[in-house]
Amino acid sequence: MGFNGRGGFGGGMQQQNAMMKQIQKLQEEMKLAQEELEESEVVGSAGGGLVEITLSGKKEMVAISIKPDAIDPDDIEFLEDLIVAAYNAASDAVDSLSEEKLGKFGNLGGLM
């Protein structure tokens, strides 16, 4: 492509318009994927299901479930560890879901 004498390089307005349409399409797809992610819920568990934590796609805690077997008044630290582990598992699941839904939009879907 060479200088076209109109303040830019070859390819013209048609190519720019096509690229803009492609960018707009990607933006719409990305917005939909972000909405799907935000509306999603994932569950992380620990201790073989003794503690389960549900997070939204925005990593907001939606629910927590603690089975009675997880509660030992003489070992509260065990329960605390289970809660942390369950949260981390749920957080990792959100990260995986985010990569699945939004990863293809990295670097604007290959446009840049």
Side-chain angles (χ1 to χ4, degrees):
M1 285 191 240
F3 185 70
N4 67 11
R6 295 186 196 142
F9 286 86
M13 289 299 281
Q14 221 172 15
Q15 191 176 22
Q16 288 177 341
N17 286 340
M19 185 176 276
M20 287 303 296
K21 285 181 183 178
Q22 191 174 3
I23 290 171
Q24 288 172 340
K25 181 181 176 205
L26 280 172
Q27 286 174 329
E28 290 170 13
E29 290 175 6
M30 189 166 147
K31 183 180 177 191
L32 287 173
Q34 285 174 323
E35 289 171 359
E36 285 179 24
L37 176 64
E38 289 175 3
E39 293 171 5
S40 299
E41 290 186 356
V42 298
V43 176
S45 67
L50 289 176
V51 174
E52 291 184 344
I53 290 181
T54 304
L55 296 181
S56 73
K58 294 190 277 186
K59 291 192 176 181
E60 295 172 342
M61 192 179 304
V62 176
I64 184 168
S65 170
I66 301 173
K67 294 192 176 166
D69 291 345
I71 302 168
D72 179 355
D74 296 324
D75 191 6
I76 294 301
E77 191 174 303
F78 175 69
L79 177 57
E80 292 169 341
D81 290 344
L82 288 176
I83 292 169
V84 169
Y87 179 87
N88 288 338
S91 179
D92 289 347
V94 172
D95 290 343
S96 294
L97 185 61
S98 178
E99 178 61 30
E100 177 186 318
K101 293 200 176 285
L102 300 175
K104 69 180 181 178
F105 298 108
N107 203 15
L108 282 181
L111 279 180
M112 301 188 120

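Note on M61 and I66: same hydrophobic cluster, where clusters join Ile, Leu, Val, Met, Phe, Trp and Tyr whose side-chain heavy atoms are under 4.5 Å apart, directly or indirectly. One hydrophobic cluster holds both I83 and I71 under the rule that ILVMFWY side chains link at heavy-atom gaps under 4.5 Å.
In this structure, E80 has no salt bridge (charged side-chain N to carboxylate O under 4.0 Å, His left out) partners at least two apart in sequence or on a different chain. Scanning for side chain to side chain donor-acceptor pair (under 3.5 Å) contacts around D75 gives an empty result, with sequence neighbours left out. Shown here are the side-chain contact (heavy atoms from CB on, under 4.5 Å) partners of E100, two or more places apart in sequence or in another chain: L97. Shown here are the salt bridge (charged side-chain N to carboxylate O under 4.0 Å, His left out) partners of D81, two or more places apart in sequence or in another chain: there are none.
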For residues 84-91, please give each side-chain donor-acceptor pair under 3.5 Å, one per line with the distance, not counting sequence neighbours.
{"unit_1": "N88", "atom_1": "ND2", "unit_2": "V84", "atom_2": "O", "d": "3.4"}
{"unit_1": "S91", "atom_1": "OG", "unit_2": "K59", "atom_2": "NZ", "d": "3.1"}

Acceptor/donor pairs from residues 30-43 side chains to any protein atom, 3.5 angstrom cut, sequence neighbours excluded:
{"unit_1": "E36", "atom_1": "OE1", "unit_2": "K101", "atom_2": "NZ", "d": "3.0"}
{"unit_1": "S40", "atom_1": "OG", "unit_2": "E36", "atom_2": "O", "d": "2.7"}

Output side-chain donor-acceptor pairs under 3.5 Å for residues 44-57, partner residues at least two apart or in another chain, one line each.
{"unit_1": "S56", "atom_1": "OG", "unit_2": "K58", "atom_2": "N", "d": "3.1"}
{"unit_1": "S56", "atom_1": "OG", "unit_2": "E60", "atom_2": "N", "d": "3.2"}

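Residue pairs meeting the salt bridge (charged side-chain N to carboxylate O under 4.0 Å, His left out) criterion with at least one member in residues 12-28, sequence neighbours excluded: K25-E29.
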Should Q27 and Q24 be marked as a side chain to side chain contact (heavy atoms under 4.5 Å, CB included) after you check the CA-CA gap, both sets of side-chain angles, and the distance that decides it?
-> CA-CA 5 Å; Q27 286 174 329; Q24 288 172 340; 4.3 Å; yes
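Two residues are said to be in side-chain contact when any heavy atoms from C-beta on lie closer than 4.5 Å; Q16 and M19 fail this criterion.
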